[in-house]
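Quick note: numbers below take in every heavy atom, side chains included, and nothing from hydrogens, waters or symmetry partners.
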Amino acid sequence: MEQTDKLETREITELTNELTYRRYLMNKGTIRNLFSKMTIPEYIALHTIAYECDKSSIYSGRSYLKDLAEKMQLTIRQTSKMAGSLKDRGLLLWSHDGNGSEGTYVTITETGRKLLDEQETILKEFYEKVIRKFGKQNLIDLLQLMKQLDTVMSSEIEEMEEDNYGTSEEIDD
């Protein structure tokens with residue numbers, strides 16, 4: 001094992017605490033203040049739905065709840081609840097194919113598109129300043145590293161769940 005790969009317990013603890021703290025600050029911090037008319041998950045959902053509508057003529061602007069749940073890493077129940085709330089506010093239309101067993105989908109309304117555009121303008125203005133100060137390439141590098149980290153963390157979580165599942169199976173036998 002290379003010297004750089006060898007981490008002492010104290011270093012792991014310090015890195016773990018710093019990463020957890022930084023994620024906490026990102027989730028808690030100023031970004032939430034930029035969202036007054038919708039939550040961050042609602043923004044991501046509307047953005048995803050609008051993007052699918054714009055790029056895919058195959059589904060006629062439909063975003064299936066199953067696909068949205070998968071993309072947002074939410075359960076169908078959580079996604080349905082959020083979509084219901086957005087529908088109640090007039091931001092989405094909710095429908096289904098056939099009798100409903102073939103797929104439930106949402107489409108963005110003009111009101112939803114307008115609110116999404118307003119939110120995107122707020123975010124663009126904020127991040128334009130951040131990118132100017134932080135540097136475009138720094139941000140690109142950071143996002144690539146975050147994606148890599150997310151992949152590794154997701155893999156570790158899956159392994160932990162498999163280990164726990166395997167353990168509970170062994171106990172049941």
By side-chain hydrogen bond (donor to acceptor under 3.5 Å, both in side chains), Glu70 pairs with (sequence neighbours left out) none

Which donor-acceptor pairs under 3.5 Å do side chains of residues 134-154 form with protein atoms, sequence neighbours excluded?
{"from": "Gln137", "atom 1": "NE2", "to": "Asp141", "atom 2": "OD1", "distance (Å)": "2.8"}
{"from": "Asn138", "atom 1": "ND2", "to": "Phe134", "atom 2": "O", "distance (Å)": "2.7"}
{"from": "Thr151", "atom 1": "OG1", "to": "Lys147", "atom 2": "O", "distance (Å)": "3.0"}
{"from": "Ser154", "atom 1": "OG", "to": "Asp150", "atom 2": "O", "distance (Å)": "2.9"}

So salt bridge (Lys or Arg N to Asp or Glu O under 4.0 Å) across residues 38-49, not counting sequence neighbours, yields Glu42-Arg89

Show me the side-chain donor-acceptor pairs of residues 112-128 shorter than 3.5 Å, one per line, residues at least two apart or across chains.
{"from": "Arg113", "atom 1": "NH1", "to": "Asp54", "atom 2": "OD2", "distance (Å)": "3.2"}
{"from": "Arg113", "atom 1": "NH2", "to": "Asp54", "atom 2": "OD1", "distance (Å)": "3.1"}
{"from": "Gln119", "atom 1": "NE2", "to": "Leu34", "atom 2": "O", "distance (Å)": "3.0"}
{"from": "Glu120", "atom 1": "OE2", "to": "His47", "atom 2": "ND1", "distance (Å)": "3.1"}
{"from": "Thr121", "atom 1": "OG1", "to": "Asp117", "atom 2": "O", "distance (Å)": "3.0"}

Can you tell me how far the OG atom of Ser85 sits from the CE atom of Met38, to the nearest 0.5 Å?
-> 11.0 Å

Starting at CG of Leu46, measure out to CG of Leu86 and round the result to the nearest 0.5 Å.
-> 5.0 Å

Rounded distance (nearest 0.5 Å) linking atom CD of Glu8 with atom OG1 of Thr13 = 11.0 Å

How long is the span from the CH2 atom in Trp94 to the CG atom in Asp88, to the nearest 0.5 Å?
-> 9.0 Å

Can you list the residues that meet the side chain to side chain contact (heavy atoms under 4.5 Å, CB included) rule with Glu158, with sequence neighbours excluded?
-> none

Sorted by chain and number, sequence neighbours left out, side-chain hydrogen bond (donor to acceptor under 3.5 Å, both in side chains) with Arg23 holds for none

How many angstroms lie between atom OH of Tyr105 and atom CG of Asp67, to the nearest 0.5 angstrom?
-> 14.0 Å

How close do Ala50 and Ile108 get, heavy atom to heavy atom, and via which atoms?
-> CB-CD1, 4.1 Å

Atom pair CG/CD of Asn164 and Glu162 - distance to nearest 0.5 Å | 10.5 Å

Kindly give the cluster partners of Met160, where membership spreads through any ILVMFWY side chain lying under 4.5 Å from a current member.
-> none

What pairs with Thr16 under side chain to side chain contact (heavy atoms under 4.5 Å, CB included), at least two apart in sequence or on another chain?
-> Ile12, Thr20

What donor-acceptor contacts under 3.5 angstrom involve side-chain atoms of residues 71-83, with partners at least two apart or in another chain?
{"from": "Thr75", "atom 1": "OG1", "to": "Gln78", "atom 2": "N", "distance (Å)": "3.0"}
{"from": "Thr75", "atom 1": "OG1", "to": "Gln78", "atom 2": "OE1", "distance (Å)": "3.2"}
{"from": "Gln78", "atom 1": "OE1", "to": "Thr75", "atom 2": "N", "distance (Å)": "2.8"}
{"from": "Thr79", "atom 1": "OG1", "to": "Thr75", "atom 2": "O", "distance (Å)": "2.9"}
{"from": "Ser80", "atom 1": "OG", "to": "Ile76", "atom 2": "O", "distance (Å)": "2.9"}

Mind checking side chain to side chain contact (heavy atoms under 4.5 Å, CB included) for Leu93 and listing every partner two or more places apart, or none if nothing turns up?
-> Thr107, Thr109

